[in-house]
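The block underneath contains the structure these notes are about, expressed in C-alpha cells.
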Amino acid sequence: MESYLLDWASLLLRWVHVITAIAWIGSSFYFVFLDNNLIKPKSPDLLEKGVDGALWAVHGGGFYNPQKYLVAPKKIHTELHWFYWESYSTWLSGFALFTLSYLWSAGTYLVDKSLLDWSPAAAIASALGFLIAFWLAYDLICQRFGFKKNGDAIVGALVFAVICVAAWAACHLFAGRAAFLLMGAMIATAMSANVFFWIIPGQRKVMAQMKASLPVDPTHGKRAKQRSVHNTYFTLPVLFAMLSNHYSFTYSHPQNWLILILMMLAGALIRQFFVMRHGFKLGRNPNPLRYAVAGVLLIVGVLVWLKPEAVSNNSNAAIGNAAPQVAGATVGFKTIQAVLEQRCTLCHGAVVQMKNVRLDSPERIKQHAQALYQQAVVNKIMPMNNATGITEAERALLGQWFLAGAKTQ
C-alpha cells in the first residue's frame with residue numbers, strides 16, 4: 001500500500017510540476033519575445049509619457065498594444081500584475097517531487113555503489129549541496145562580472161565552465177539517472193533564486209521609489225533584465241536534463257557527463273537562435289541561423305555517437321546484444337524464478353511493489369515479461385543501479401527465456 005500511495009503522490013506532484021513549469025516557461029518566453037520586438041514610438045504623447053517601446057499583436061480575436069516604459073512610468077493607474085508565483089510553484093513542486101522520487105529512497109536512486117560506496121545520508125547532503133553551491137557560484141560570477149565590459153560573454157563562459165565541472169562531478173558521484181535530474185534541479189534552483197533574490201526585490205524597490213516620488217534607480221531594472229535573460233537560456237538545458245531520465249541510453253552511457261554537457265549546450269544554442277531571431281526580423285541582429293545549425297549539429301553528432309552497434313543475425317543478436325549467450329537451447333522457468341527471487345523481488349515482491357509491479361508468481365512474471373526483458377536485458381537499467389548484483393549471464397538467461405516464448409510451465 002505504501003508503494004501504491006507513493007506512486008500516486010509522484011503522479012500528482014509531477015502533474016502539478018509540469019503545469020506550473022508550463023506557466024513559468026510560457027511567461028518567460030513571452031516576455032523575451034516582447035522585449036525583442038518592441039519598437040520605439042514616434043508619437044509625441046507616448047514619448048512624453050516615457051514609453052521606450054511598444055508593439056501591436058493580435059490573439060484570441062482581439063488586438064493588444066503592450067508598452068514598455070524607460071525605467072518606470074510616472075504613475076500606475078490600474079492593478080499591477082506580478083509574475084513570480086509561476087517560478088516559486090515550479091520550484092516547490094519540483095523539489096517535492098525530487099525529494100519523493102530520489103531523496104526518500106536515496107540508497108536506491110541516488111547511490112550507485114559501482115561509482116561510490118557511500119551512505120544515503122551523505123549522498124542526500126551532497127545532492128542538496130549541488131543546489132546551493134551552484135547558486136552561490138553563479139550569483140558571485142554575475143555580481144563580479146555582470147556589468148563589466150564584455151560582461152555577458154565573461155559570465156556565459158564562466159557559468160558554462162561551472163556547469164561542465166558540476167556535470168562531471170555529478171555523473172561520477174551519483175547514479176546516472178539521478179545525476180542528470182540533479183543537474184536540471186541545480187540550474188532550475190538558480191533560475192528560481194534569480195526571481196526570488198533579485199528580480200522581484202528589485203521591482204519592489206522600484207515601486208517604493210515611485211510611490212515616494214523619488215528618482216528611480218535604473219540598476220534594478222538592468223539587473224532584473226540580465227537575470228531574466230539568463231533564465232531563458234537555462235530553460236532548454238533544464239528541460240533536457242529533466243526529460244532524459246526516461247531514456248536510459250543517455251544517462252547509462254560511460255561518458256554520460258559529456259552527453260549531458262553537449263545536449264545542454266545544444267539547447268542553449270537553439271534558444272539563442274530564437275532570442276536573436278526576434279531582433280533579426282527588425283534589423284537589429286545579424287542572422288542567428290548559425291546558432292540553430294550549431295545546436296542541431298551537436299544533437300546529430302551525439303545521435304551518431306550513441307547509435308547501437310550492428311549485430312549479426314543470430315540468437316545473440318536477437319537479445320539485442322544485451323548480454324552474452326549462455327550454453328543450452330532452453331532455459332527452464334524454475335531457473336528464471338531463482339534469478340528473479342534473488343535479484344528482483346526485493347523491490348517487486350509481496351512486501352514492496354515498486355511501480356506497482358510484482359514478480360513473485362508465474363502469472364505476474366508472465367504479465368510483466370515484456371517489461372522485464374526490456375528493462376533488465378536490453379536497456380540494463382534494472383535492477384536500479386544494479387543494487388542486487390545481477391550478472392551478465394543472468395541477464396542472458398532472462399533474454400533466452402523471453403525470446404523462447406516466456407513460458408511459465
Side-chain angles (χ1 to χ4, degrees), residues 98-99 101-131 164-186 241-242 244-264 302 305-306 308-309 316 319-326 336 338-349 352 354-355 357 359 371-399:
F98 179 63
T99 300
S101 300
Y102 287 86
L103 303 186
W104 184 272
S105 303
T108 300
Y109 293 104
L110 276 184
V111 176
D112 183 346
K113 292 185 178 181
S114 67
L115 294 173
L116 182 64
D117 189 359
W118 55 347
S119 69
I124 291 171
S126 297
L128 296 177
F130 266 74
L131 307 185
C164 289
V165 172
W168 183 89
C171 290
H172 283 79
L173 291 174
F174 304 100
R177 187 179 183 185
F180 274 43
L181 191 72
L182 178 61
M183 286 297 297
M186 181 189 82
M242 296 300 189
S244 63
N245 69 89
H246 296 287
Y247 303 95
S248 61
F249 61 85
T250 58
Y251 61 76
S252 62
H253 194 275
Q255 281 76 47
N256 52 3
W257 61 274
L258 184 56
I259 294 169
L260 179 59
I261 289 171
L262 292 175
M263 292 301 294
M264 289 196 297
V302 173
W305 174 28
L306 299 184
E309 295 181 5
N316 199 37
I319 302 178
N321 206 28
Q325 186 75 345
V326 175
I336 295 306
V339 172
L340 296 180
E341 286 174 4
Q342 186 177 5
R343 309 302 186 188
C344 303
T345 55
L346 182 66
C347 296
H348 300 289
V352 178
M354 300 297 291
K355 302 299 180 183
V357 173
L359 299 171
L372 178 62
Y373 170 71
Q374 190 68 37
Q375 299 290 70
V377 181
V378 178
N379 292 332
K380 297 185 181 180
I381 60 175
M382 288 294 166
M384 181 67 69
N385 304 328
N386 199 13
T388 57
I390 191 171
T391 66
E392 291 300 304
E394 288 169 333
R395 293 188 193 275
L397 288 171
L398 293 172

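Just so it is clear, the structure is predicted and the values come from calculations on it, not from any experiment. Sequence positions, counted from 1, serve as the residue numbers for this chain.
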Candidates F180, Y251, W168 - the one meeting side-chain contact (heavy atoms from CB on, under 4.5 Å) with L260: F180

Donor-acceptor under 3.5 Å (H348 side chain, V357 main chain): yes

How long is the span from the [atom1] atom in [X] to the [atom2] atom in [Y], to the nearest 0.5 Å?
| X | Y | atom1 | atom2 | answer |
| --- | --- | --- | --- | --- |
| L128 | F98 | CG | CZ | 7.0 Å |
| E394 | I336 | CD | CD1 | 9.5 Å |
| M183 | M242 | CE | CE | 10.5 Å |
| R177 | D112 | CZ | CG | 13.0 Å |
| M382 | I390 | CE | CD1 | 11.5 Å |
| S244 | I259 | OG | CD1 | 10.0 Å |

How about [X] and [Y]: do any of their side-chain heavy atoms sit closer than 4.5 Å?
| X | Y | result |
| --- | --- | --- |
| L115 | F174 | no |
| L131 | L182 | yes |
| L340 | L398 | yes |

Exercise: identify the closest heavy-atom pair between A127 and L110: CB-CD1, 4.4 Å

Heavy-atom pair of closest approach, residues V377 and G399: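 For V377 and G399, the tightest heavy-atom pair comes out as CG2-N, 3.7 Å.
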
Flag if over 12 foreign heavy atoms under 6.0 Å of CG, L262: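 Yes, the 6.0 Å shell around CG holds more than 12 heavy atoms from other groups.
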
Parallel, tilted or perpendicular: ring planes of Y109 versus Y102, cut at 30 and 60 degrees: perpendicular

H253 and W305 aromatic ring geometry - parallel, tilted or perpendicular at 30°/60° bounds: perpendicular

